[in-house]
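Structure first, then comments.
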There are 2 protein chains.
Amino acid sequence: MTMKEAYTDRFEFSLDDKGRLSVPVEWRGEAFEKRFLVMPSSDGCLRIYPASFLGREMEKLSSLGATSADARRKSLEKLASVIQAAEPDQQGRIMIREKFRQHAGLGRQAVLVGRLDHFEVWDPKKWKKIAPPATTFEEVAKEVGL
Amino acid sequence: MTMKEAYTDRFEFSLDDKGRLSVPVEWRGEAFEKRFLVMPSSDGCLRIYPASFLGREMEKLSSLGATSADARRKSLEKLASVIQAAEPDQQGRIMIREKFRQHAGLGRQAVLVGRLDHFEVWDPKKWKKIAPPATTFEEVAKEVGL
DNA sequence: CCATTTTTACCCACATCTAACCACAACGTC
DNA sequence: GACGTTGTGGTTAGATGTGGGTAAAAATGG
């Protein structure tokens with residue numbers, strides 16, 4: 001797998017009454033994909049992956065034993081039923097359906113959090129509650145063993 | 001792993017009110033990367049790594065068992081959310097967002113400290129307090145056993 | 001099948017911010 | 001001195017985030 005560029009940093013942007021959300025210019029380069037999948041997350045945010053995510057998952061299926069692939073396929077099919085595809089308009093915004101905004105409790109503001117191969121969208125209040133209080137390099141280095 | 005060139009020496013440069021900081025010409029050669037990751041450090045400075053750092057870490061993930069990769073991924077994702085990517089302008093300066101300047105307590109001056117595969121950015125006052133007093137080659141040679 | 005309402009995509013407008021450009025003093029080299 | 005480089009500071013054209021209008025498309029309902 002070739003990694004091009006990673007989603008990093010945090011941004012706070014506004015959602016207009018049409019449900020449009022700007023994707024930060026930092027995540028718009030040639031190395032980034034221009035099509036996304038919006039999925040509800042169990043921790044109360046939205047996870048937004050590059051569209052190629054599904055293709056990769058489906059490829060993984062074919063390199064799996066028939067029995068274990070079957071269970072995975074069922075799970076993926078379940079996931080597919082709650083995924084919204086989204087493509088930015090010419091201003092770089094993606095439209096997030098109301099169903100999804102509701103899931104994340106989104107109002108007029110949203111926090112976008114970079115997570116390497118994808119990013120998350122949070123309601124600012126929720127984010128403040130669950131955000132780690134100043135993540136640092138050393139903290140993670142210890143956990144990961146750099 | 002191919003080591004190209006190492007970040008060495010110390011420099012004191014100024015930060016303008018736009019948050020721009022010159023990268024020393026000593027660290028600008030062809031052998032150095034032209035894209036950086038700015039990360040907050042727990043000792044109150046900023047750690048600045050070549051951008052390839054993240055790519056290498058992500059590749060390590062894919063060559064790991066699914067279970068142990070999961071915990072590592074979570075940690076790396078946490079780190080990603082507090083990383084700012086930065087690219088020098090045509091004068092060789094990188095823009096450091098206010099969020100990060102605040103973390104390091106940076107004013108109009110900054111000390112840049114070479115750390116082999118990365119460098120650190122310090123507020124001059126903080127640096128004076130923690131700076132090691134005049135290390136010499138022989139001293140370190142004894143410790144390391146050169 | 002057509003009429004009506006709702007939704008969506010495209011376009012334009014605009015304030016703010018950024019990045020490219022220019023300028024220049026300090027320094028070092030030839 | 002003439003020249004180029006480096007660090008530093010401003011100016012400005014263009015990009016960016018945001019809002020709204022409108023026409024096309026889709027959904028809904030006879």
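Letters A, B, ... are given to chains in the order of the sequence lines, protein chains preceding strands, and every chain is numbered from 1. Basis for what follows: all heavy atoms, side chains included, without hydrogens, waters or symmetry-related copies.
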Considering only NZ, NE, NH1 and NH2 on the basic side and carboxylate oxygens on the acidic side, decide whether A/Lys60 and A/Glu57 come within less than 4.0 Å.
-> yes
Are A/Glu120 and A/Arg10 within salt-bridge range, i.e. N to O under 4.0 Å?
-> no
Nearest to the side chain of [X], heavy atoms from C-beta on, is which of [options]?
{"X": "B/Ser14", "options": "D/dT6, C/dC11, D/dG9", "value": "D/dG9"}
{"X": "B/Lys18", "options": "D/dG7, D/dT11, D/dG20", "value": "D/dT11"}
{"X": "B/Asp16", "options": "D/dG7, D/dG9, D/dT22", "value": "D/dG9"}

Just how far, in rounded Å, is [atom2] of [N] from [atom1] of [X]?
{"X": "A/Asp17", "N": "C/dT7", "atom1": "CG", "atom2": "C1'", "result": "14 Å"}
{"X": "B/Asp89", "N": "D/dG10", "atom1": "CG", "atom2": "C1'", "result": "13 Å"}
{"X": "A/Glu87", "N": "C/dA9", "atom1": "CD", "atom2": "P", "result": "9 Å"}
{"X": "B/Phe11", "N": "D/dT8", "atom1": "CZ", "atom2": "C1'", "result": "17 Å"}
{"X": "B/Phe13", "N": "C/dA26", "atom1": "CZ", "atom2": "C1'", "result": "13 Å"}
{"X": "A/Gln109", "N": "D/dT18", "atom1": "CD", "atom2": "C1'", "result": "11 Å"}
{"X": "A/Leu21", "N": "D/dT18", "atom1": "CG", "atom2": "P", "result": "8 Å"}
{"X": "A/Arg20", "N": "D/dG19", "atom1": "CZ", "atom2": "P", "result": "9 Å"}

Taking the six-membered ring for Trp and the full ring for Phe, Tyr or His, determine whether the centres of A/Tyr49 and A/Phe119 are under 6.0 Å apart.
-> no
Other cluster members, B/Trp122 - Ile/Leu/Val/Met/Phe/Trp/Tyr, side-chain contacts below 4.5 Å | B/Val111, B/Val113, B/Trp127, B/Ile130
For C/dA19, take OP1 and OP2 only and decide whether either is under 4.0 Å from a side-chain N or O of B/Gln90.
-> no
For D/dT8, take OP1 and OP2 only and decide whether either is under 4.0 Å from a side-chain N or O of B/Gln91.
-> no
Base, sugar-phosphate alone, or nothing: which one does B/Arg28 contact when heavy atoms must sit under 4.0 Å apart?
-> sugar-phosphate
At under 4.0 Å between heavy atoms, what does B/Arg97 touch on the DNA or RNA strands: base, sugar-phosphate, or nothing?
-> nothing
Say whether, by atom type as modelled, one donor and one acceptor occur between the side chain of B/Glu87 and the main chain of B/Met95 under 3.5 angstrom.
-> no
For A/Met95 and A/Glu26, take the nucleotide of DNA chain C holding the closest heavy atom to each; which residue's nucleotide lies nearer the 5' end?
-> A/Met95
